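If you're wondering where the values come from, they're calculated on a predicted model, not measured in any experiment. Just follow the structure's listing: the first ligand is 1, and inside any ligand the first atom is 1.
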Amino acid sequence: MYKNTTTISYHSMIKEMHHMIGVSNDGISKLFTINPSHKHNVGMSVPTVPALMTNEYHRQQLSPGPHLDDLFGKKILPYIWNTLERRPTAIENPQRITMGNGTPVSLMALMVDLFDGGITSAFFGAAIWEVNPVLLRDFMVWEVTNWKWTFSMPRIISGDMVQAKDAIVNTFVKYLQLPVDKRSDSAFFVKSMEKMMRDSDVNVEDMAKTVMLHFWAVLGNTYKVAFWVFAHIIYDHDLLLAIQKEVEGGFKGGKYDEEYIFQKCPHLSSMVNETLRLAVASPLVRDVVAPTPVGGKVLEPGSRVMVPFHQLHRNRDVWGTEPENLHSDRFVATPKLLNSKSYRPFGGGSTLCPGRNMARRAIAFAVAGLINKYDITIDVKETNKRNGNKRELNFPVFPRINHSKPTPGASLPFKSDDVILVLKERCGTSL
Ligand code: HEM
């Protein structure tokens, strides 16, 4: 199913998304026509249409090697680290969160800054913030309204979504119109994608819409999964203490050792994997383009198939009688579950998420850094206030996953279910 690219098409889904985001017919034709003599096809064993070549650039950007070192090691990790240390970063996100010692901070705002601020700066460089200092505000409106886009809701009720989408697209139009020397700090992926689209004579509006689709794929999941990982840890004091102890070795003499956190912290790693199981809920969707035998039946062309990750990730035969419950050590106890057919948080086959390792590593690093540096408590009064005081308790209830609106990949909490934290620097921290 995941590997079948001949009778089940991913291509048609991607084309439809380009249509839906507003790419012109001329742009679609240029992005989806194979031209073996195009520069991007030189040296490729199989010529590829520009729209799918971008995914090859993602893979090159995110596979181990100099492009990943530049993006992750030299940009994203320092951004996360400096934010936790409350120090300036090389590229300042104008909406960067203020984290005073002891001042309340929204967990969601912190996640958006740590991950989306860091990843956007690393991919697009400083110029993106000059073009639109409130890009992440626009992106977060898009995040909570894009279900209206998915369902092609009429304009009369989707003004907020259209406004956010247009703001993001216009940001990329202006960005792509800047002289290249103003954008020399952008990542390999951004440079390669732009060059290929210019070589294919795609106009700037269509380029910007295509960049927006990729911006969404790159930004849209990590901050959400990290929100859930943090929330689970903060709500379980014993778990917090256990992981705090485990990650100590990753921070010595004011420096971090990210490799240590990634390789030597099995409980944290299991926690991230288990959270992915519960947080990733949207199905994989494909179009059947030729008769496809599956389990004794034949899927006819014109049908659409869905692999329901939400249900797979709650399959009782695999995850036990209470699959809704988080077992933080599940993957320490049974590591082979990572290869289960019922565990697909990053999809599979030819479209397996190229950002999976970077996302896992970034989340583990940020969790480790945060709980190593700070004593974290929940500001009960402020959290209750944020919840609209509807469920006022001595201890706020755990945020609820919002299953009422479809989101691609990981789910968001209800808007009112943010958690307000108080971070106080730990005495005797090894930082
Ligand atoms: C926890 C974070 C993440 C989750 C849960 C996640 C999940 C997924 C899933 C389920 C797919 C498969 C979609 C499909 O086949 O229809 C996917 C594809 C993709 N992801 Fe991720 N992702 C995450 C982070 C990232 C990051 C950080 C990046 C880039 C920096 C990224 C870039 C992509 C791209 C480009 C694709 C399309 C791949 C292709 O079509 O060949 N993702 N992701």
Residue shell for ligand 1, any heavy atom closer than 4.0 Å, reads Y10, N55, H58, R59, L62, F123, A217, V218, N221, T222, V225, L276, V280, L284, R286, P345, F346, G347, S350, T351, C353, P354, G355, M358, A359
Min side-chain heavy-atom separation F309-Y343 under 4.5 Å:
no
**OP:** State yes or no: are the ring centers of F32 and H11 separated by less than 6.0 Å?
**Re:** yes
Inset, instruction - Find out whether the Lys NZ or Arg CZ of R183 is both under 6.0 angstrom from the six-membered ring centre of Y175 and within 45° of the ring's axis. - result: yes
Ring centres under 6.0 angstrom apart (Y256, F251):
no
Would you call the rings of Y57 and F188 parallel, tilted or perpendicular, taking 30° and 60° as the class edges? perpendicular
Give a yes or no on whether the backbone of F189 and the side-chain of Q61 come within a donor-acceptor separation of less than 3.5 Å.
yes
